[in-house]
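Chain letters run A, B, ... following the sequence lines, proteins first and then strands; every chain starts at 1.
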Amino acid sequence: MKICFWVTDFLKAYAQLHTHQNVEEIVQKAVQRIQNYPRKYFWLSIFAYAILEFIAPMGFGKVSRFSRLNKEEAGFLLEKLQNTKTYWSRLILILCKSPVLCALDE
Amino acid sequence: MNDQKLKFDILVIGSGAGGALAAYGLQKQGFNVCMLEKGPWAKQNLKEVRAFTHYYKDQGLVGAFGNSFIGVPTGEVVGGTTKINSGTCFDTPKEIVDTWQKHYKMNIAYDELSPHFKTLRELLHISPVPTENMAKGNLFFQKGIEALGYKNHFPLHRAAKACTGSGRCCFICPKDAKQSTDVSIIPNFLKEGGTLFSQTEVTGIEEQKEGVRITCKTSALQAKKLIISAGSLSTPILIRKNKLGTHWKKAGLGLTIHPASKVFGEFLEPVYGWRGVPQALGFKHPNFPTLSFEGVFTPPALSGLVMPLEGKRLRGWLEKYDHVGSFGVMLKDTNTGWVRAFPGIGPLLHYSLHPNDFKNLIEGLRFIGLSYLASGAKRILLPISGIQNEFESFEALKQFNFSKMRPSQLYSMGFHPLGTCGMGRVVDSHLKLIGSNHIYVCDGSVVPTSLGVNPQITIMALALRLSNRFSKNS
């Protein structure tokens, strides 16, 4: 299944926060992982990436895509999403970051 | 399986704790048995991440929604969840079976199950974990609780033979030391003449006058009897989808999961938590009878997913992961949830933590944190978000007020889904589907209440009891 542009942009930005090496390779592995998700989770992921890439920054006062934020702003946004009292934002974040974290250690 | 019609005496859907033992018991008695397993045979020596995505149901993405989100990982591989569990074995507590008998009016006695515990001990080479094989996270917990005045820790009993402590119990044992059913039971089943089709998904079940007809993608199979052992999450969906028995509408209710969570501790000395048996030590706290404390450790490759952190703080812990240990706590749950499949969405799980269960779980996590700090941990990390979750001071953790915390702030997992086709509700005391003549259920879904202990032996004992019953009636 084809991956939307905002997914690869987010994956690249997230990978760059965690490593400087082989970012392209990590993004490629992450994309493959998402493409192999069961269909339900694939579409959930696409939706989740769209939220993180386009909507989440606006929730924190930034009129920008996540992948265009500088590292500090991106890190701040991720920490805020991780640290909420409800679980929806954490779930969306875990769904989006897990392909990269898994690819980092493969 | 080629495009053909196949006939057997007994078909078994699923190759885990229930399916494999039932199939083996029946094949040994001379029945012609065929097992159908949706998952593949596991390859050894895959990296942990690949094992996680290849052999866990839905790549490990399954979870229950409710007042908290709780991951519910199960296996979809030959061996079922026994292939991806920690191998910890407990006999069914007598008081639990007595409860089934007295309060739920089930026609089942402890004496029907207890002879099978001995058989299983031999079949699965169940033995206590030697101290020298324990991962260090367990030993630090032991040191900590002893410093706090508790001595009633005990080595956990595991189904393992010649275990060298590879630390990968949940991500495919590289040495086949863990006695999952594909290692301990299925080879014997095949030697006795049994048939196993892996990577075979059942698409339809029809009960007929003389037996059952099963359809898979390219084949149809017929048998006189069917045993459904697809697991607590899949069995009720099969029953509902095919409207099997007369109580199919109740299938999926009554889900219990043993909510569990863990605490990380960073120590001054290297821990290498992935070396040794991660789930090696057990402990029961006298003040919290519904809690079971057991060792646990996530390999480095998946650690970033399970820590309640992001950014610099996450990197800080991951960089020191060789100095990190962890220990867990599991709860005998009060509440029940449900699992159902919805058109266009597929299976959904719902489960909410009971307020008392939530409170007890938090106190259990606090206790682990205090134990780790008492044993010399530099800092501990609790699986919570939205409030302080790192502590370096014993007193600060002891005094911290968690009363305003909500279940949605807790990171937890449910490793033991049970109860979705419980005895007395969907199946009878002998595991026959109520209203059916030819269909039985034999997996965790038939356990009618939360067990409070790791359920593998209970499920296997129920399976052997079922297979004995077949021989008496045939």
At what distance, to the nearest 0.5 angstrom, does CD of B:Glu48 lie from SG of A:Cys102?
11.0 Å
Is chain B contacted by the side chain of A:Leu95, its backbone, both, or neither, given a heavy-atom distance below 4.5 Å?
side chain
A:Tyr41 and B:Val62: side chain to side chain contact (heavy atoms under 4.5 Å, CB included), yes or no, with the steps?
CA-CA 10 Å; A:Tyr41 298 103; B:Val62 180; 4.0 Å; yes
Select one option (side chain, backbone, both, neither) describing which atoms of B:Pro299 are under 4.5 Å from chain A's heavy atoms.
neither
From A:Tyr37 atom OH to B:Leu61 atom CG, the distance as rounded to the nearest 0.5 Å
5.5 Å
Can you tell me how far apart CD1 (B:Ile345) and NZ (A:Lys40) are? Round to the nearest 0.5 Å.
8.0 Å
With a 4.5 angstrom heavy-atom cut-off, which part of A:Thr84 approaches chain B: side chain, backbone, both or neither?
backbone
A:Lys71 atom NZ: more than 12 heavy-atom contacts under 6.0 Å:
yes
Other residues, nucleotides, ligands: >12 heavy atoms within 6.0 Å of A:Gln28 CD
no
Determine whether a donor-acceptor pair (N or O, by modelled atom type, separation under 3.5 Å) exists between the side chain of A:Arg90 and the backbone of B:Ser385.
no
Contact origin within B:Leu318 toward chain A - heavy atom pairs under 4.5 Å
neither
Backbone N/O of A:Leu17 and side chain of B:Arg315: donor-acceptor pair under 3.5 Å:
yes
Heavy-atom distance under 4.5 Å to chain B: side chain of A:Phe76, backbone, both or neither?
neither
Quick one: does A:His18's side chain get under 4.5 Å of B:Leu314's, heavy atoms only?
yes
May I ask you to decide if A:Asn36's main-chain N or O and B:Gln59's side chain share a donor-acceptor pair within less than 3.5 Å?
yes
Largest heavy-atom contact set with chain A, pairs under 4.5 Å, which of B:Ser303, B:Pro300, B:Ser68, B:Gly304:
B:Ser68
Should the pair A:Lys80-B:Glu310 be classified as a salt bridge under the 4.0 Å nitrogen-to-oxygen rule?
no
With a 4.5 angstrom heavy-atom cut-off, is it the side chain or the backbone of A:Trp88 that approaches chain B, or both, or neither?
side chain
Relative to chain A, which segment of B:Phe52 carries a heavy atom at a distance below 4.5 Å: side chain, backbone, both, or neither?
neither
Is B:Val306 in contact with chain A via its backbone, its side chain, both, or neither, using a 4.5 Å heavy-atom distance?
neither
Heavy-atom cut-off 4.5 Å, strictly under: side chain, backbone, both or neither for A:Leu91 against chain B?
side chain
Examine distances only and state if a side-chain atom of A:Tyr87 and a backbone atom of B:Tyr411 form a donor-acceptor pair shorter than 3.5 Å.
no
Supply the atom-to-atom distance A:Asn83 CG to B:Leu309 CG, rounded to the nearest 0.5 angstrom.
8.5 Å
So what's closer than 4.5 Å to chain B heavy atoms on A:Lys85: side chain, backbone, both or neither?
both
